[in-house]
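Let me begin by presenting the structure, written as structure tokens, before commenting on it.
The structure displayed is predicted, hence computed values, not measured ones. In what follows, residues are counted from 1 in the order of the sequence shown.
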Amino acid sequence: MTKQSTARLDRAAVLCINGGSSSIKFALYHAGETLERRLHGSIDRIGLSGTQFAYREAVDNRQDTQGIDAPDYRAASRFLLDWLDERIGLESLFAVGHRVVHGLQFVQPQRVTPQLLDELRLITAYDPDHLPGEIALIEAFCQRQPKLPQVACFDTAFHRTMPRVASLLPIPRRYDAAGIQRYGFHGLSYAFLMEQLAHVAGPAAARGRVVLAHLG
């Protein structure tokens, strides 16, 4: 895949970003009638020794792994944007979707705006391991491609429909009255698993009692 060939996708390329506490995973999809993954990769051990960047292209199965200098999330973000611009051309992107671990009050995907970023900054104390890096990634794309639409998808949204009894913590009810509640995470992964379960085993199975395991 070359920068010139990818640009001919007529801005139909969608980039998905999964920012972890010390990693960034990404995948590029061609958004036709069905999503077709063209490229995926990761940066691992950000801020640690032995930081590794790896990628694989689907068209010719080209792949590579290399050590990089990424002492923090912002450095890793700059490296990734420079690499993507060289490889595919950032102008070929139609949109970027970000997995954001904690949404607090947000229960639906949100278009990234300055107001949304301000609200995410206010709640970084709830998830100091993930939110600062995820915000840094979003800001890096904003600086490089200000008009590129970005969407934040929240890992907590899937669990907001839990029954009341499941959202309660085993602590005195006065804390619940003050707003302290249980949040579930890895919701985007669970949503995908439920879709696949319905596809493989049928809708009835997905509506039954299901045990899901998120193995990390």
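Annotation: the span from Ile24 atom CD1 to Ile46 atom CD1 amounts to 4.0 Å, rounded to 0.5 Å. Ser21 contributes atom OG, which lies 7.5 Å from atom OH of Tyr73 (distance to the nearest 0.5 angstrom). Atom-to-atom distance recorded for Leu168:CG and Met162:CE is 9.5 Å, nearest 0.5 angstrom. Taking CD of Gln110 as the start and CD of Gln115 as the end, the distance is 11.5 Å to the nearest 0.5 Å. For the atom pair OH of Tyr126 and OG1 of Thr124, the computed distance is 10.5 Å after rounding to the nearest 0.5 Å.
Using a 4.5 Å cut-off on side-chain heavy atoms (C-beta onward), Leu116 and Phe106 make contact. Between Gln63 and Glu57, the closest side-chain pair of non-hydrogen atoms is not below 4.5 Å. Using a 4.5 Å heavy-atom threshold, the side chains of Leu80 and Phe26 count as touching. Residues Phe154 and Arg99 are not in side-chain contact: their nearest non-hydrogen atoms beyond the backbone lie 4.5 Å or more apart. Counting heavy atoms from C-beta outward, Leu84 and Leu93 have side chains that stay 4.5 Å or more apart. Annotation: side chain of Val151 is in contact with side chain of Cys153 (closest heavy-atom distance under 4.5 Å).
Between the side chains of Gln105 and Glu119, a donor-acceptor pair is found at a separation under 3.5 Å. Checked by atom type, the side-chain pair Tyr55/Arg62 shows no donor-acceptor distance below 3.5 Å. A side-chain donor from one of His98 and Gln150 sits under 3.5 Å from a side-chain acceptor of the other.
Ion pair Asp176/Arg164 flagged as a salt bridge, since at least one NZ, NE, NH1 or NH2 atom sits closer than 4.0 Å to an Asp/Glu carboxylate oxygen. Salt bridge Arg74/Asp72: absent, no basic N to carboxylate O contact under 4.0 Å. With respect to Arg144 and Asp85, a salt bridge is recorded, a charged nitrogen being found less than 4.0 Å from a carboxylate O. Between Glu139 and Arg121 there is a salt bridge, since a side-chain N of the basic residue sits under 4.0 Å from a carboxylate O of the acidic one.
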>> With side-chain contact (heavy atoms from CB on, under 4.5 Å) as the criterion, how do Tyr183 and Gln181 come out once you've worked through the C-alpha distance, each side chain's angles and the decisive distance to 0.1 Å?
In response: CA-CA 7 Å; Tyr183 284 87; Gln181 67 182 83; 3.4 Å; yes

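For the pair Glu134 (side chain) and Val101 (backbone), a donor-acceptor distance under 3.5 Å is present. The backbone N or O of Arg45 sits less than 3.5 Å from a side-chain atom of Thr51, completing a donor-acceptor pair. Between the side chain of Ser23 and the main chain of Ile43, no donor-acceptor pair closer than 3.5 Å is present.
Classification of the Phe185-His102 ring pair by plane angle, with boundaries at 30° and 60°, yields perpendicular.
Of the candidates Leu120, Leu122, Ile123, Ile123 is the only one forming a side chain to side chain contact (heavy atoms under 4.5 Å, CB included) with Leu104.
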